[in-house]
Amino acid sequence: MSRKILLTSKEIEIILHRLACQLIENHNDFSNTVLIGLQPRGTYLANRLAELLRNDYGIKDLQLGLLDITFYRDDFRRREEPLEATSTQIDFLIESKNVVIIDDVLYSGRSVRSALTALQSYGRPDNIELLVLIDRRFSRHLPIQPNYRGRQVDAINEEKVVVYWQETHKEDAIYLESKVSKPD
Amino acid sequence: MKQLSVEHLLGIKYLTKNDLELIFETAAHFKEVINRPIKKVPSLRDITIANLFFENSTRTKLSFELAEKRLSADVINFSAGQSSVKKGETLIDTVNNILSMKVDIVVMRHSNVGAGIFLSNHVDAKIINAGDGTHEHPTQALLDSFSMREALNSNLKGKKIVIVGDVLHSRVALSNIFALQLQGAKVKVCGPTTLIPKYISSLGVEVETNLKKALEWCDVANVLRVQHERMDIKYFPSTREYTQLFGINKEIVDNLGKKIVIMHPGPINRGVELTSDVADSNQSIILNQVENGVAVRMAVIYLLAQQIKR
């Protein structure tokens with residue numbers, strides 16, 4: 001298996017600041033905007049962005065929710081491994097709000113499709129945007145594109161983008177892993 | 001990898017502790033779902049479930065039906081009273097006819113002990129036992145345990161639970177005993193000697209015939225209904241005497257000097273097993289049990305449906 005680094009800790013930090021600034025450009029003080037991190041992996045990114053917005057950019061009343069999409073997935077009963085649900089924590093209404101869905105990697109677009117369905121259970125937002133750290137642009141199954149992206153990556157289906165966070169792996173880093181070694 | 005160790009839910013006896021934990025964990029997620037403004041998820045939109053109730057039921061049938069609909073399954077209902085069973089059709093023929101309509105899961109209540117087990121050996125569908133005679137009622141025990149854990153805010157290891165009343169005719173009692181013991185709880189039964197099965201001590205359950213002592217001992221009292229319809233002979237002299245000895249009223253509860261959790265699987269014979277002021281008090285979690293019933297049944301159906309591959 002070969003592994004190459006896509007983003008280092010420093011690069012991730014710069015990207016997070018850029019994404020935070022882009023969000024502020026479009027949503028000002030977030031008075032009518034909520035952030036929704038997709039469980040499980042999108043929540044690390046969502047928490048990190050929320051922390052930056054609060055601490056470095058002075059956004060006071062930022063609302064952050066975590067959404068589990070397990071029961072809305074379209075591959076229930078198609079997978080070898082059973083799906084495991086995680087918790088949903090959305091203690092506010094999204095009715096007439098601007099919602100920013102946050103996930104770490106955009107691959108097929110099916111998770112985001114499930115998230116759009118799941119969000120309907122919480123009301124009818126004014127509009128929904130998508131923020132991802134990594135956009136694997138050539139692997140989409142559905143017509144879904146991010147509004148905010150950290151880095152666009154061209155990778156073949158056999159390759160895997162692995163996101164490490166301080167919280168889980170004691171380092172911020174993103175790797176591209178491949179089972180097949182490519183010739184130089 | 002988390003999945004149930006069984007293919008059908010025939011009784012708590014066949015489940016492991018891990019199965020229980022998985023069901024409770026999944027039910028907690030579904031409880032969050034059913035408290036959303038829109039209480040439905042699309043997971044089971046291509047699954048058909050038949051509710052076969054060969055015996056009367058109100059809350060279990062409604063609870064299952066609601067759970068199925070909230071998972072987006074297609075549901076068909078069957079009651080023996082309005083069916084060809086009255087014309088002499090056998091159980092297998094009835095079920096096979098229904099399965100020909102491409103049914104994936106059968107929820108069945110039957111007056112005969114082991115009806116679910118029998119069916120699971122003869123038909124190609126997931127079977128959920130919704131009560132088989134005086135044997136087991138697994139989803140009731142699961143929702144009871146789930147509700148106890150919620151009320152006590154902890155798992156049930158070392159907790160003391162007394163099951164009060166008509167244990168002999170109860171399918172809830174046996175399933176509860178299995179479920180509670182699997183979780184490490186201590187279980188006693190309390191009721192007239194005539195309504196306590198002779199085999200109960202072989203299950204590791206103590207018998208207490210003094211209600212006051214039983215309540216002083218326990219953290220939770222799970223009170224059972226006196227099942228007059230299952231009694232072919234008189235098991236106690238009069239309802240009045242039963243109530244005097246084994247009925248729980250406010251005075252008894254207030255004199256305990258501690259708060260205990262009061263449960264009842266319903267329907268309550270008000271004034272017999274429980275007085276209204278106890279049944280409706282803040283120590284009673286009877287309505288929580290009903291709400292949790294939907295979440296727990298959603299979890300069971302979801303986890304079994306997961307095993308039906310496309």
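Order of the sequence lines fixes the chain letters, A, B, ..., with proteins taken first and strands second; residue numbering starts at 1 for each chain. Note that this is a predicted model, so its numbers are computed, not measured.
At most 12 non-hydrogen atoms from other residues, nucleotides or ligands lie less than 6.0 angstrom from CG of A:Leu93. No more than 12 heavy-atom neighbours from other residues, nucleotides or ligands sit within 6.0 angstrom of NZ on A:Lys10. Heavy-atom neighbours of A:Asp61 CG from other residues, nucleotides or ligands within 6.0 Å: at or below the threshold of 12. By the neighbour-count criterion of 12 heavy atoms within 6.0 Å, atom NZ of B:Lys31 is densely surrounded, having more than that number from other residues, nucleotides or ligands. The number of heavy atoms from other shown groups lying within 6.0 Å of CG (B:Asp124) does not exceed 12.
Outside the 6.0 Å centre-distance limit, the rings of B:Phe78 and B:Phe53 are not counted as a close aromatic pair.
B:Glu32 touches chain A through its side chain: at least one heavy atom from C-beta onward sits under 4.5 Å away, while N, CA, C and O do not. With a threshold of 4.5 angstrom between heavy atoms, B:Lys39 does not approach chain A through any atom at all. Heavy-atom distances place no part of A:Ile90 under 4.5 Å from chain B, backbone and side chain included. Heavy atoms of B:Ala28 lying under 4.5 Å from chain A are absent altogether.
When each of B:Leu71, B:Asp46, B:Leu22 is checked for heavy-atom pairs under 4.5 Å with chain A, B:Asp46 comes out on top. Taking B:Pro37, B:Ser72, B:Pro42 one by one and counting their heavy-atom pairs under 4.5 Å with chain A, the maximum is reached by B:Pro42. Interface summary for chain B: among A:Asp68, A:Asp74, A:Leu83, the most heavy-atom pairs under 4.5 angstrom belong to A:Leu83.
Here the side chain of A:Thr168 pairs a donor or acceptor atom with the backbone of A:Trp165 at under 3.5 angstrom. In this structure a side-chain-to-backbone donor-acceptor pair under 3.5 Å is missing from B:Gln181 to B:Phe178.
Inspection of non-hydrogen atoms places no residue of residues 287-301 of chain B under 4.5 Å from chain A. Within residues 13-45 of chain A, no residue has a heavy atom under 4.5 Å from a heavy atom of chain B. Taking 4.5 Å as the heavy-atom cut-off, the residues of residues 111-144 of chain A that approach chain B are A:Gln120, A:Ser121, A:Tyr122, ordered by number.
Comment: B:Arg149 engages B:Glu21 in a salt bridge, judged by a side-chain N to carboxylate O separation of less than 4.0 angstrom. A salt bridge links A:Arg3 with A:Glu177: at least one charged nitrogen is closer than 4.0 Å to a carboxylate oxygen.
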Practice item. Please report the C-alpha distance between B:Ile34 and B:Phe30 in whole Å, then the side-chain angles of each, then the deciding distance to 0.1 Å, and finally whether the side chain to side chain contact (heavy atoms under 4.5 Å, CB included) criterion is met. Key: CA-CA 6 Å; B:Ile34 61 177; B:Phe30 280 121; 5.5 Å; no
Practice item. Take A:Arg48 and A:Asp172 through the salt bridge (charged side-chain N to carboxylate O under 4.0 Å, His left out) test and state the conclusion after the steps. Key: CA-CA 11 Å; A:Arg48 201 64 82 77; A:Asp172 287 342; 2.8 Å; yes
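We find the CD1-CG distance between B:Ile128 and B:Leu52 to be 11.5 Å, quoted to the nearest 0.5 Å. Atom CG in B:Leu119 sits 9.0 Å away from atom NE2 in B:His8 (nearest 0.5 Å). With rounding to the nearest 0.5 Å, the separation of CG in B:Asn176 from OG in B:Ser145 is 6.0 Å.
Listed by first and then second residue, the ring pair (Phe, Tyr, Trp, His ring centres under 6.0 Å) pairs involving residues 84-116 of chain A amount to none (not counting sequence neighbours).
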